[in-house]
Structures are given as structure tokens and as C-alpha cells.
Protein chains: 2
Amino acid sequence: MSDSRSSRRQRNAPTINDVAREAGVSPMTVSRVINGEQVVRAATREKVQAAITALNYAPSAAARTLAGGEETRIGLLYSNPSSSYLSEFLVGSLDQASRSGVDLVVEKWDDEETSIEAVVAHLQRGRIDGVILPPPLCDLAALVDALDRAGIPAVAVATGRAPSDLAAVSIDDRHAAYEMTRHLIALGHDRIGFIKGNPNQSASAKRFEGYVAALTEAGLPMRDELVAQGYFTYRSGLDAAEHILALADPPTAIFASNDDMAAATVAIAHRSGLDVPGDLTVCGFDDTSLATTIWPELTTIRQPINAMARAAVEVLVRQLKGRRKGDAAEHLVLDYALIRRQSDAAPRMRPRLGGR
Amino acid sequence: MSDSRSSRRQRNAPTINDVAREAGVSPMTVSRVINGEQVVRAATREKVQAAITALNYAPSAAARTLAGGEETRIGLLYSNPSSSYLSEFLVGSLDQASRSGVDLVVEKWDDEETSIEAVVAHLQRGRIDGVILPPPLCDLAALVDALDRAGIPAVAVATGRAPSDLAAVSIDDRHAAYEMTRHLIALGHDRIGFIKGNPNQSASAKRFEGYVAALTEAGLPMRDELVAQGYFTYRSGLDAAEHILALADPPTAIFASNDDMAAATVAIAHRSGLDVPGDLTVCGFDDTSLATTIWPELTTIRQPINAMARAAVEVLVRQLKGRRKGDAAEHLVLDYALIRRQSDAAPRMRPRLGGR
DNA sequence: CTGAAAGCGCTTACAG
DNA sequence: CTGAAAGCGCTTACAG
């Protein structure tokens with residue numbers, strides 16, 4: 001078939017030397033013609049072109065990259081392997097890296113064991129040209145600074161607050177949380193609990209802002225006791241949910257800042273003999289695989305993780321190719337979606353009609 | 001400093017010579033390690049691996065293609081993205097692929113949408129030289145056959161029953177389950193429930209065999225009512241656990257064939273007002289991230305997923321290089337470990353002392 | 001305008 | 001089991 005362009009060279013594939021001999025010039029001249037350099041005399045060029053045609057010559061991509069030294073390698077630096085997020089992120093970025101013709105090096109960083117200087121040095125040794133930073137590393141200012149000082153471009157993924165000089169790919173966390181809260185309100189809930197995300201991630205604050213905005217817009221009071229601090233882990237969700245549900249007047253719905261904490265909330269609810277969503281509505285954020293693993297399946301905000309990963313690779317590659325000082329960094333905002341599943345329902349009693 | 005366009009080499013990427021120097025061997029030896037050639041002494045191999053890690057070295061695809069052979073691309077074909085398993089598997093195989101200097105193409109297969117013929121054709125068009133099959137695809141005979149007919153070598157990962165002509169990497173599922181069951185018996189349990197895995201995976205049967213073997217060895221009766229069929233999903237674990245715990249005389253321990261089903265069992269136990277492990281011991285299998293996500297954290301069998309993925313890549317690369325008809329396929333068996341966490345304890349009443 | 005030289009980073013083929 | 005040599009096909013850097 002049309003395999004002529006593939007990287008597998010045919011056995012007797014003509015080389016630049018064959019062309020040179022046929023045309024009666026040096027390989028160097030053939031190279032110039034191939035690369036469209038204008039200096040070559042028209043007559044010479046034609047002789048070379050004829051030889052190329054006669055031999056059906058196609059240059060070897062491998063040889064060109066090797067000689068030209070143009071390989072670009074990008075790194076994907078991650079920590080805290082929230083595996084459900086990571087696997088989707090990996091699949092997306094790998095695929096795009098392959099399409100963009102760059103090498104992707106996946107690097108795990110354990111911040112307990114390795115200093116920032118050490119990771120950056122490691123990346124430099126590996127000749128990483130640029131780095132993708134999924135959360136929570138995207139918000140680690142010290143890392144971003146160190147990368148910047150080392151001259152390694154980076155792109156932050158899913159950060160809630162990207163400095164204007166740092167490329168970023170994200171969704172509108174604030175608006176997504178706003179929409180979910182509005183959805184809960186539309187269902188009839190007026191006492192809605194909220195479990196915050198880890199303060200070390202800027203998206204956490206954005207999600208909380210969205211929750212507050214929807215409440216305010218609906219004229220609902222924002223009650224501090226209904227808000228608990230979480231850290232995106234299941235464990236922290238357990239504690240937060242326990243706290244909220246132990247209230248004298250507990251909420252009829254709880255919106256957790258991610259799926260892990262929402263799953264923990266469901267577990268606590270069940271342990272307390274509450275039916276979800278009959279007695280308590282629970283919603284999450286992210287739509288990781290956990291959302292559809294547990295029962296009931298979680299109503300949540302779908303983050304397009306795969307698409308964000310692809311976009312991150314593209315943004316980084318563009319930045320590496322066309323690097324000009326002063327160019328503003330790209331900030332891409334992708335679409336999210338509110339996914340309704342089985343964990344939300346109208347509250348059992350309509351407070352507006354009866355009160356409690 | 002290093003203006004990317006004019007300098008001959010972009011930054012100083014570590015080369016095979018750098019690694020050789022660091023390891024105190026010749027470049028040739030490094031090359032052998034990269035290509036998984038068996039001749040290299042283990043001690044030498046380790047020195048080289050260490051140097052590769054230290055320098056964060058990745059071979060240049062261009063140079064390899066040019067110098068020698070054709071570039072080799074291997075595929076990782078997966079379905080049913082059990083993400084906790086997949087992400088670890090991806091990280092391991094990617095890293096090894098990079099070290100082995102082969103391209104890894106990650107391919108998702110939705111068996112509902114695409115026929116076996118179509119996937120195989122797709123792999124061929126993409127010039128995939130060999131394929132890694134994580135579960136459950138490793139046990140799909142029709143796929144293995146189609147690959148074989150197409151002349152695409154494959155390596156099965158975590159299968160319980162590899163045909164002798166199919167390369168495979170696995171653990172001893174039977175013995176691992178045997179050991180876990182023995183552990184439960186040693187704790188004092190004599191009524192131990194078991195949730196089987198999906199029958200479409202050969203490892204399921206192995207795990208069940210191990211459970212039966214330990215019971216038999218201890219002179220304990222094997223009670224059919226204590227065994228429920230599961231399918232490795234959380235949902236199936238919910239049903240199975242509900243069934244087992246509804247028994248008139250329920251077990252004091254339940255051993256689930258994977259962590260998802262063990263997590264579901266914990267959820268059902270909590271919903272029924274049972275304390276884990278106070279009232280019920282629950283154990284899993286795999287040690288995916290879910291095992292340490294939920295509370296209590298699961299006592300389980302650790303499958304070295306990362307190491308298995310790396311091994312699969314190495315085995316496949318070796319097979320692609322040294323392909324000789326008639327050579328027996330490699331069967332690697334890696335070590336597992338029983339990880340004790342917080343979900344197991346002695347039964348509340350010692351049956352041997354009191355009965356019930 | 002054109003060419004001779006010196007590699008790019010790796011592997012093949014041979015030696016010890 | 002390990003290494004020294006000779007390229008793979010092309011380009012960079014320098015001459016003329």
C-alpha cells in the first residue's frame with residue numbers, strides 16, 4: 001500500500017548520495033535542494049530534481065532529525081497519583097504527543113522525598129524542553145518559579161488562577177460550581193451543604209465562589225455551619241460529611257468539591273441510615289471513574305480531562321516552536337458538563353410549603 | 001547561552017555515551033540493556049539501569065532507526081478502564097517503553113462497538129509490531145487467536161492460564177488467595193465468605209481454588225452458601241455482600257476477589273450497622289488505590305502492577321528482537337505480597353471456645 | 001554558488 | 001559476557 005512515507009526504509013531505498021551521483025553534484029547540494037534553499041542555481045536545482053524523480057527518492061526522516069538535532073521532549077510531571085484522574089490524563093496526553101511528533105516523558109515526583117531543585121535538575125538532565133503540570137502541581141508557585149528560572153516552559157492544567165505569563169488549560173470552575181448549586185436550588189433544596197477542596201489548589205476557591213454566588217443570587221442565606229473544609233481525599237470527605245450531618249438541622253443536599261469526597265459523603269449517609277438521594281442529595285465534581293463505581297452513581301460536573309491533556313500538549317508544543325519573548329501565554333478554557341445520575345433528587349419535604 | 005537554532009545540539013541531552021560513562025561500561029553494553037538482550041550480566045544490567053535513571057536518559061528514536069533496524073512500536077490494548085489499575089499499568093509500561101526505546105501506542109478497545117477483526121486491522125495499519133494485553137483482554141481467546149493469525153506477537157498480563165505459546169506475565173493468583181485465606185483462618189475465622197471474580201478472567205478461578213485449598217487444608221468445610229458470584233465491579237460486590245450477609249448464620253469474614261468488591265462489602269456492612277473489622281473482617285485483592293481510599297483501609301494482596309507492566313514490555317521487546325520460530329514463549333511469575341491494613345481482625349467470639 | 005569534513009546517537013558485525 | 005570499529009543518511013559549519 002502507500003507505505004512509502006512510513007519510517008521503515010525499504011531495503012534498497014535511494015539515499016542522498018545516490019541522488020548526488022546521478023545528478024553529478026555533491027550530497028550537500030542535494031540537501032540544499034531538498035530544503036528549498038534559494039542559493040542553489042536554477043540549472044543545478046533542475047538536475048537534482050530530475051535525479052530525485054528518476055530514483056523516486058524520499059529523504060529519511062530519522063536521518064534528518066538525528067543530523068538536525070530537532071527532537072523535542074516534553075515532560076508530564078505528576079504527584080499524588082489520584083489514579084482515576086491520572087489514567088485519563090495520561091491517555092490523552094500520550095495520544096496527542098504522538099500526533100504532534102514529540103516525545104512524552106512521564107515523571108512522578110514525590111515531594112516528600114525530592115526537593116524542587118532536584119526535580120528541576122532531573123528534568124534538565126533529561127533534556128526536557130517543556131513541562132505539563134496537572135493539579136496539584138499547577139498551583140505550586142515554588143515549582144513554577146523554579147521551572148521559569150531554569151528556562152523550562154510549563155503549562156498549568158486545571159488551575160483556578162494562572163499567572164498571565166504561564167500557559168494554562170482549564171475549565172471555568174467557578175461557573176461549574178455555580179451551575180451545580182443552581183441545579184440543587186431548582187430541585188427545591190434551600191439548605192445545601194458544601195465540602196471545600198484542598199486550599200493548596202486554586203480551583204478549590206473558585207468552586208466555593210460559585211456555590212456562594214448561586215446561593216446569593218437565589219436570595220438564600222449562606223450559612224457557615226453548612227460548609228466544611230475538605231482536602232479532596234476520601235478520608236477528609238468522611239470527616240466533613242460526618243460533621244455536617246451531625247448538625248441539629250442538617251442540609252438536604254451536600255455538594256462536595258470532588259467525587260472522592262462525595263463518595264465519602266454517600267458512605268457516611270448510608271452509615272447513618274440515610275437514603276441517597278431519598279433523604280440526602282449528594283453531588284460531586286470531576287466525574288472520575290469513582291463517580292460511576294459507587295452506588296448510587298454520582299451526579300457531578302464532568303471535567304474533560306482527556307481533552308484538557310491533549311490541549312496542554314498542543315499549547316506546550318506551540319510555545320516551544322514559536323518561542324518569542326513577550327508573547328502572552330495561552331490560556332485555554334474548555335467546556336464542562338453537568339452530568340445527572342442517581343444521587344440527586346428533590347428534598348423529601350418542600351421547605352417552602354411546610355417548613356420543619 | 002544555547003540559542004536553539006544555531007547550536008548543533010539542542011541542550012545537552014544525555015546520550016548512550018553519557019550513560020556508558022556513568023555506568024562504567026561501553027556504549028555497546030548500554031545498547032544491550034536497552035534492547036533487553038539476555039546476555040548481559042545481572043550486575044552489569046543494574047549498574048546501567050541506575051545510570052539511566054540518574055541521567056533521566058531516553059534513547060533517541062531517530063538514531064536507533066537510522067543506525068539499525070526499524071523502529072519498533074508496541075501497542076497497549078485495553079478495555080474496561082478500571083482506572084486504578086490502568087493508570088499504574090500505564091505509568092509502568094510507558095517508562096519501560098521509553099527505556100527500551102520503543103514507541104508505545106495506547107489503544108482503547110470498546111468491544112461493544114468494534115469487532116476483533118477491526119481492532120486487529122487497525123493495529124496492523126498503525127504498524128504495531130506487538131501487543132500487550134492487560135486483563136480482561138488477556139483471556140479473550142478469540143482476540144489472541146486473531147492476533148496470532150495476523151502475525152502480531154502478544155504478551156498476556158495477569159492471566160491465570162496462559163497457553164504455552166503465548167508470552168505471559170503474572171503472579172501466582174492461586175497461592176496468593178490461599179495465603180490470604182490461611183491468614184484469615186489463623187486469625188480464628190472458621191466461617192469465611194468468598195466473592196468470586198468475573199468468570200471471563202482466568203485469574204478468578206485461580207483465586208477461588210486458593211480459597212478452597214486453604215479451607216480444605218485446615219479441615220474446614222467448604223460451604224456453598226458462603227460463596228457468591230461477583231464480576232469484579234463494585235455493583236456486583238454490593239449484591240454479593242448483601243446476599244452473604246443476609247444469611248441466617250453469616251460469616252465473620254469475607255474475602256473478595258478484588259478491592260472494588262471488597263469496598264462494596266464494607267459499604268454493605270456499614271449500611272447494616274456492622275463494624276469493620278469489629279463485626280466483620282473484609283479482605284480484597286490487587287491493592288489498587290481504592291484499597292487505601294476507603295475507610296477502613298483494606299487488607300489485601302498487592303499485585304505489583306507497575307512491575308508487571310514493565311516486565312510485559314521487556315518480554316515483548318525481547319520476543320520482537322529475537323523472534324525465532326519454536327522458541328518457547330516466556331512466562332514470568334512475579335511476587336505478590338499480603339498487605340495487612342485495618343480491615344481484618346480476629347472474630348468477636350472465638351467459635352472454638354464457645355460456638356454460637 | 002558549491003563542496004569536503006565531521007559528526008548526530010545509535011546499531012550491526014566482528015573480536016576477544 | 002563485553003568492547004572497538006565502522007557506518008546508517010543526513011545536516012551543520014566551515015571553506016573556497
Side-chain angles (χ1 to χ4, degrees), chain A residues 7-48 51-52 55 57-73 103 126-127, chain B residues 2-48 52 55 57-72 98-103 317 320-322:
Chain A
S7 48
R8 296 187 187 197
R9 299 282 294 176
Q10 305 243 338
R11 246 181 203 300
N12 300 320
T15 73
I16 199 171
N17 292 301
D18 298 326
V19 176
R21 202 176 311 114
E22 174 92 5
V25 299
S26 76
M28 201 49 246
T29 298
V30 178
S31 173
R32 290 195 174 96
V33 172
I34 292 168
N35 291 296
E37 287 181 31
Q38 297 292 301
V39 284
V40 185
R41 244 192 354 189
T44 314
R45 176 190 310 282
E46 273 160 35
K47 271 195 303 185
V48 173
I52 287 175
L55 298 179
Y57 166 77
S60 150
R64 302 183 84 183
T65 12
L66 181 56
E70 290 280 324
E71 278 186 290
T72 102
R73 303 177 68 195
D103 288 339
R127 205 227 63 195
Chain B
S2 57
D3 35 348
S4 47
R5 285 287 165 207
S6 59
S7 76
R8 176 135 186 96
R9 295 172 53 183
Q10 278 196 319
R11 307 193 194 171
N12 32 343
T15 71
I16 199 171
N17 294 301
D18 299 325
V19 175
R21 201 176 315 113
E22 173 93 7
V25 299
S26 74
M28 201 48 242
T29 298
V30 177
S31 173
R32 290 193 176 100
V33 171
I34 292 168
N35 292 297
E37 288 180 31
Q38 297 275 266
V39 284
V40 184
R41 249 194 343 186
T44 312
R45 176 189 309 279
E46 274 159 35
K47 272 193 303 187
V48 174
I52 288 175
L55 297 178
Y57 166 77
S60 150
R64 310 186 84 208
T65 317
L66 219 214
E70 313 169 333
E71 65 174 344
T72 100
S98 153
R99 282 168 197 234
S100 297
V102 300
D103 288 340
V317 167
L320 290 171
K321 304 284 179 187

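Here is the naming used below: chain letters follow the sequence lines, and residue numbers restart at 1 for every chain.
- Taking 4.5 Å as the limit, every side-chain heavy atom of R32(A) sits out of range of all side-chain heavy atoms of T44(A).
- Rounded to whole Å, atom P of dT11(C) lies 6 Å from atom CD1 of I34(B).
- In this structure, OG1 on T29(A) lies 11.0 Å from CZ on R45(A), to the nearest 0.5 angstrom.
- Distance from the side chain of S26(B) is smallest for dG3(D) among the nucleotides dG9(C), dG3(D), dG9(D).
- Regarding contacts with the backbone of dG9(C), every side-chain N or O of S60(B) stays at 4.0 angstrom or more from both OP1 and OP2.
- Remark: P of dG9(D) and CZ of R64(B) are 18 Å apart, rounded to the nearest angstrom.
- Residues V25(A) and V48(A) approach most closely at CG2-CG2, 4.0 Å, considering heavy atoms.
- Atom P of nucleotide dT11(C) and atom CD of E37(B) are separated by 9 Å, given to the nearest angstrom.
- For Y57(B), counting side-chain heavy atoms from C-beta on, the closest listed nucleotide (dT2(C), dA13(D), dC10(C)) is dC10(C).
- The R41(A) side chain lies nearest to dC1(C) when the options are dT11(D), dT11(C), dC1(C).
- When each of A63(A) and P27(B) is assigned the nucleotide of DNA chain D with its nearest heavy atom, P27(B) is the one assigned upstream, toward the 5' end.
- The side chain of M28(A) lies closest to dT12(D) when the candidates are dT12(C), dT12(D), dT2(D).
- Put simply, S31(B) has no side-chain N or O that comes within less than 4.0 Å of OP1 or OP2 on dC10(C).
- Residues T15(B) and D18(B) are in side-chain contact: their nearest non-hydrogen atoms beyond the backbone lie under 4.5 Å apart.
- Computed from coordinates, the R32(A) CZ to dT2(C) P distance equals 8 Å when rounded to whole Å.
- In secondary-structure terms, DNA chain C builds stems of at least 3 consecutive Watson-Crick or G-U pairs, each pair having both distances under 3.5 Å, at C:1-3 with D:14-16, C:5-12 with D:5-12, C:14-16 with D:1-3.
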